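For reference, the structure discussed in these notes is given below.
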Amino acid sequence: MKQEISALMDGEMFEDQAEAFLDKLKRHPETRQDWENYHLIGDVLRQPDHVCKSFGESFHERLQAEPTVIAPYKRTSQRVRNFALSAVASVMALALVAWLSLQVGSEPAPRVAEANLQQDNAIRPASAQANDYLMAHQEFSPSAEVHVSAPYIHAVAGR
Amino acid sequence: MMLQLGVATAFADPLLDKEADWLKTMSFAAHQINYCGVFVYQSGGNVEVSRVTHVVDKDGEHERLEGLVGVKRELIRDNDQVWLYSEGHKVRIEKRQVKKAFPALLPEQISTLKDNYAVMKAEDDEIAGYHAHSVVFLPRDNLRYARKMWADSDSGLLLKAVVMDDHGFLIEQYVFMQLSIGDNIDRKWIVPESTSATAVAQEGNPLPLPQVELLDGPSGWQVDALPPGFRKILEMRRPFRGNKEPVIHMVFSDGLAGISVFIEKAESTTYIHSGLSGQGAAHVYNRIVDDTLVTVVGEVPPLTVIQVGDSVRYAGK
């Protein structure tokens, strides 16, 4: 489904294919969210006002030089059914990482990837048990004062 | 210090006090303003996209947070009450516990802020269509992270936040991609989508939650090697997970970052010695002291949670 969304958005579908697919989209409302997310991210990526001026030129280079994209999908999909979804999610994540690294602006963005790879090797991601402590802590942390949803970002992350 | 944050140093000194006051404004905005938007959180290769809706009315604060990538999860918050749903099923309910007891938490913390960070105004920017002022907090040692925050110049709402280590490596960031601020937020967003979720939400407070007991006197546990500038802001005995006995929870703050120390009996069922782990800027470190499990959590570098954790000891009452 995600690959079809992607193909349709990129104009890589024949007309009859596209019609059949749009029909399918109507019949499965749950796919609408994917459709909307995909568009939202696409919109953001195309917003000239908020995206670095040299976005177009450097996009490809940056993707090439962006090793962090390896990291998010180290975890293996539990079900085969999820595979396609993960694949498209990873495309979205990859585009976002590229976009975000540009958002940092004058800060030394290219070093982000290197640093995080080092960090990934050194520090394990928090377990479910550690997450309980994280949430209990964040309830009182000063950073949650200015950022009310901070304690819950990870709780709603669909993992 | 190798950080190059694009700081407008010419503006640094005269605005110091004002920039520190910024946190108060941002904190006020975070709780008092109506807004709805989509934000991205990134930490290393981990990217999360969420939609947040925040509405304030005569009954207080209402918030809805939805994860937009992967399994559908959402969270509804009504003041202190929090419901978490996964694909329409309630998976967890909790209550923010003693927040109300500490309404003056923040001003007290801000007074210590400038001892620990150089606070500087940075260049203005535009984020999600809003004009943003930005402020940089540079730590005076490498035991804490540097931060840069962007806030809407009208409302003070936090639009973007970046956390960096002492080499200028990005640890995590949070940024709105799309945002509406104002009173015209559609209230339908704060009602759970699925009917099952609505039904659960209407049950009201389903479980009388155990009480948190704030400690007046010391618990007897002591932390010897806190980084300079961290002060204890509270100490409590709180129910935690399925523990039979309440857990001692101490919270320390340097005005910007928090460190929590949890102390509990290391029961065989709860005993998981995991050492160091992390999530974005937050790190978790635990160790066993005799029959006690000590867990340290904070938005500080890994070495700081280790240093703090290794210095926790029972000093006696």
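Here is the naming used below: chain letters follow the sequence lines, and residue numbers restart at 1 for every chain. Values in this document were obtained by computation on a predicted structure and should not be read as measured data.
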How close do B:G258 and A:S141 get, heavy atom to heavy atom, and via which atoms? N-OG, 3.9 Å
Can you tell me how far NE2 of B:H249 sits from NE2 of A:H137, rounded to the nearest 0.5 angstrom? 7.5 Å
When the 4.5 angstrom heavy-atom criterion is applied to B:L157 and chain A, the contacting part is neither
Given a strict heavy-atom distance threshold of 4.5 Å, which part of B:L84 is in contact with chain A: side chain, backbone, both, or neither? side chain
Just give me the residue among B:A257, B:S86, B:G278 that pairs up with chain A most often, heavy atom to heavy atom, under 4.5 Å. B:G278
Of the non-hydrogen atoms in B:Q279 and A:L134, which two are nearest, and what is the gap between them? OE1-CD1, 3.4 Å
Heavy-atom contact with chain A under 4.5 Å, split by part of B:V251: side chain
Below 4.5 Å from any heavy atom of chain A, which atoms of B:F240 appear? Answer side chain, backbone, both or neither. side chain
